[in-house]
Amino acid sequence: MTDKKKVIVKINGQEFTVIGTEPEEYIRDIAEYVDSQIKKVLGSNEKLSQTMAAVLTAFNVADQYYKNYNELEELKKEVMGPLKKLDAMEEKVEGYKNQINHLTEKCNNYKEQLFKFKKDSQGYSKKMKNYEQALELKEKELERSQKIINELQDKLFENQIELVQTKKELDEFLKTFDKEDKGNEK
């Protein structure tokens, strides 16, 4: 069960008892913010009644909330794009790793067969050359696959850097936004 707290706050000269589960400091901060917003509205038009000032303040806070919410949603969309690309790249890398394992197994099988043919007879020399050529082709294919994997890993790394930079920008924006909010509260 959550512990509810009663906090007495003052908004526009009137005391209110707020009951909530949030920390007292948080509740007081919210009350101070609302108080500052009402004072700002009243300061711009002293003829407003308390009710009208409260309604306009609620409207302004809702407007600010929706703008921030929409901006946050846009930032989420911007972050999700690189994340989806990263997921797709990781899937491709995993597929290439499986291919490499498969090719490595094939390559190992060819090597074993090659050694058996050398032991068995000189008559298998022609067949052995064919297997060596096949092995060479597989190794080239493995190298091409490795190059592709390296390129994909580079792209993955770039996407990770871009994600970190995007997160950093988001954090800086949120810090700036918090500072502006705190500045507006004063």
Side-chain angles (χ1 to χ4, degrees), residues 1-101 148-186:
M1 186 171 170
T2 58
D3 294 329
K4 292 190 176 185
K5 299 173 185 80
K6 286 185 179 183
V7 181
I8 297 173
V9 296
K10 206 174 224 184
I11 299 175
N12 199 27
Q14 294 181 330
E15 286 189 358
F16 294 89
T17 301
V18 178
I19 300 173
T21 57
E22 299 294 336
E24 184 176 331
E25 182 180 324
Y26 175 80
I27 293 171
R28 290 192 187 283
D29 286 346
I30 296 297
E32 286 177 22
Y33 177 73
V34 171
D35 185 53
S36 71
Q37 295 301 307
I38 287 178
K39 286 178 181 173
K40 189 188 294 183
V41 168
L42 285 172
S44 66
N45 188 348
E46 295 175 5
K47 294 180 182 181
L48 293 175
S49 69
Q50 293 288 335
T51 303
M52 290 176 74
V55 170
L56 282 175
T57 299
F59 185 82
N60 289 341
V61 169
D63 174 53
Q64 188 178 19
Y65 166 79
Y66 275 103
K67 285 178 182 173
N68 291 339
Y69 178 80
N70 289 334
E71 190 172 342
L72 180 61
E73 288 301 311
E74 286 300 315
L75 287 172
K76 284 181 184 178
K77 288 178 187 175
E78 287 178 27
V79 169
M80 290 310 292
L83 286 176
K84 286 180 183 176
K85 287 180 183 176
L86 177 64
D87 289 342
M89 291 294 200
E90 287 175 345
E91 287 179 21
K92 285 183 179 180
V93 166
E94 194 59 38
Y96 288 125
K97 284 181 181 178
N98 290 337
Q99 283 181 337
I100 287 173
N101 289 338
I148 291 171
I149 287 172
N150 289 339
E151 290 171 8
L152 288 172
Q153 287 174 335
D154 289 344
K155 286 180 185 178
L156 176 64
F157 180 73
E158 290 170 10
N159 284 337
Q160 287 173 335
I161 290 173
E162 184 180 335
L163 177 62
V164 167
Q165 289 172 343
T166 302
K167 284 182 181 178
K168 215 181 249 186
E169 289 172 10
L170 178 60
D171 287 344
E172 289 175 11
F173 172 78
L174 290 174
K175 286 179 185 176
T176 303
F177 180 74
D178 286 343
K179 286 180 183 176
E180 288 176 9
D181 258 358
K182 289 181 181 177
N184 288 337
E185 291 175 8
K186 292 180 182 178

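Residue numbers start at 1 and run along the sequence shown.
Applying the salt bridge (charged side-chain N to carboxylate O under 4.0 Å, His left out) criterion to Glu74, with sequence neighbours excluded, gives Lys77. Qualifying side chain to side chain contact (heavy atoms under 4.5 Å, CB included) partners for Asp87, counting only residues two or more places apart in sequence or in other chains: Glu90. The salt bridge (charged side-chain N to carboxylate O under 4.0 Å, His left out) check on Lys85 picks up nothing, with sequence neighbours excluded. Here Lys5 pairs with nothing under the salt bridge (charged side-chain N to carboxylate O under 4.0 Å, His left out) rule; sequence neighbours left out. Take Glu162 and apply the salt bridge (charged side-chain N to carboxylate O under 4.0 Å, His left out) test, not counting sequence neighbours, and it matches no residue.
Other residues, nucleotides and ligands contribute at most 12 non-hydrogen atoms within 6.0 Å of the CZ atom of Phe157. Within 6.0 Å of OH in Tyr26 there are 12 or fewer heavy atoms belonging to other residues, nucleotides or ligands.
In this structure, CD on Glu71 lies 6.5 Å from CG on Asn68, to the nearest 0.5 angstrom. Taken from CD1 in Ile148 to OH in Tyr96, the straight-line distance is 5.0 Å, to the nearest 0.5 Å. Atom OH of Tyr65 is separated from atom CG of Leu72 by 9.0 Å, given to the nearest 0.5 angstrom. In this structure, CG on Leu156 lies 7.5 Å from CD on Gln153, to the nearest 0.5 angstrom. If you take NZ on Lys92 and NZ on Lys155, they are separated by 7.0 Å, rounding to the nearest 0.5 Å. To the nearest 0.5 angstrom, Phe173 atom CZ is 9.5 Å from Asp178 atom CG.
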Determine all donor-acceptor pairs shorter than 3.5 Å in which one atom belongs to a side chain in residues 42-60; sequence neighbours excluded.
residue: Ser44; atom: OG; partner: Val41; partner atom: O; Å: 2.8
residue: Asn45; atom: OD1; partner: Lys47; partner atom: N; Å: 3.2
residue: Ser49; atom: OG; partner: Met52; partner atom: N; Å: 3.1
residue: Gln50; atom: OE1; partner: Asn12; partner atom: ND2; Å: 2.4
residue: Thr57; atom: OG1; partner: Ala53; partner atom: O; Å: 2.7
residue: Asn60; atom: ND2; partner: Leu56; partner atom: O; Å: 3.4

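The nearest pair of heavy atoms linking Glu22 to Ile27 is O-CD1, 3.7 Å. Residue Leu86 comes nearest to Gln160 through the heavy atom pair CD1-CG, 4.1 Å, listed as atom of the first residue, atom of the second, then distance. Nearest approach of Lys97 to Ile149, heavy atoms of both residues: N-CD1, 4.3 Å.
Taking 4.5 Å as the limit, some side-chain heavy atom of Met80 sits within range of a side-chain heavy atom of Leu83. The shortest distance between side-chain heavy atoms of Val61 and Val34 does not fall below 4.5 Å.
No side-chain donor-acceptor contact under 3.5 Å links Asp35 to the backbone of Ala31.
Electrostatic pairing of Glu73 and Lys76 counts as a salt bridge here, judged by a charged N lying under 4.0 Å from a carboxylate O. Ion pairing of Asp171 with Lys175 is absent here, as no side-chain N (NZ or NE/NH1/NH2) approaches a carboxylate O to less than 4.0 Å.
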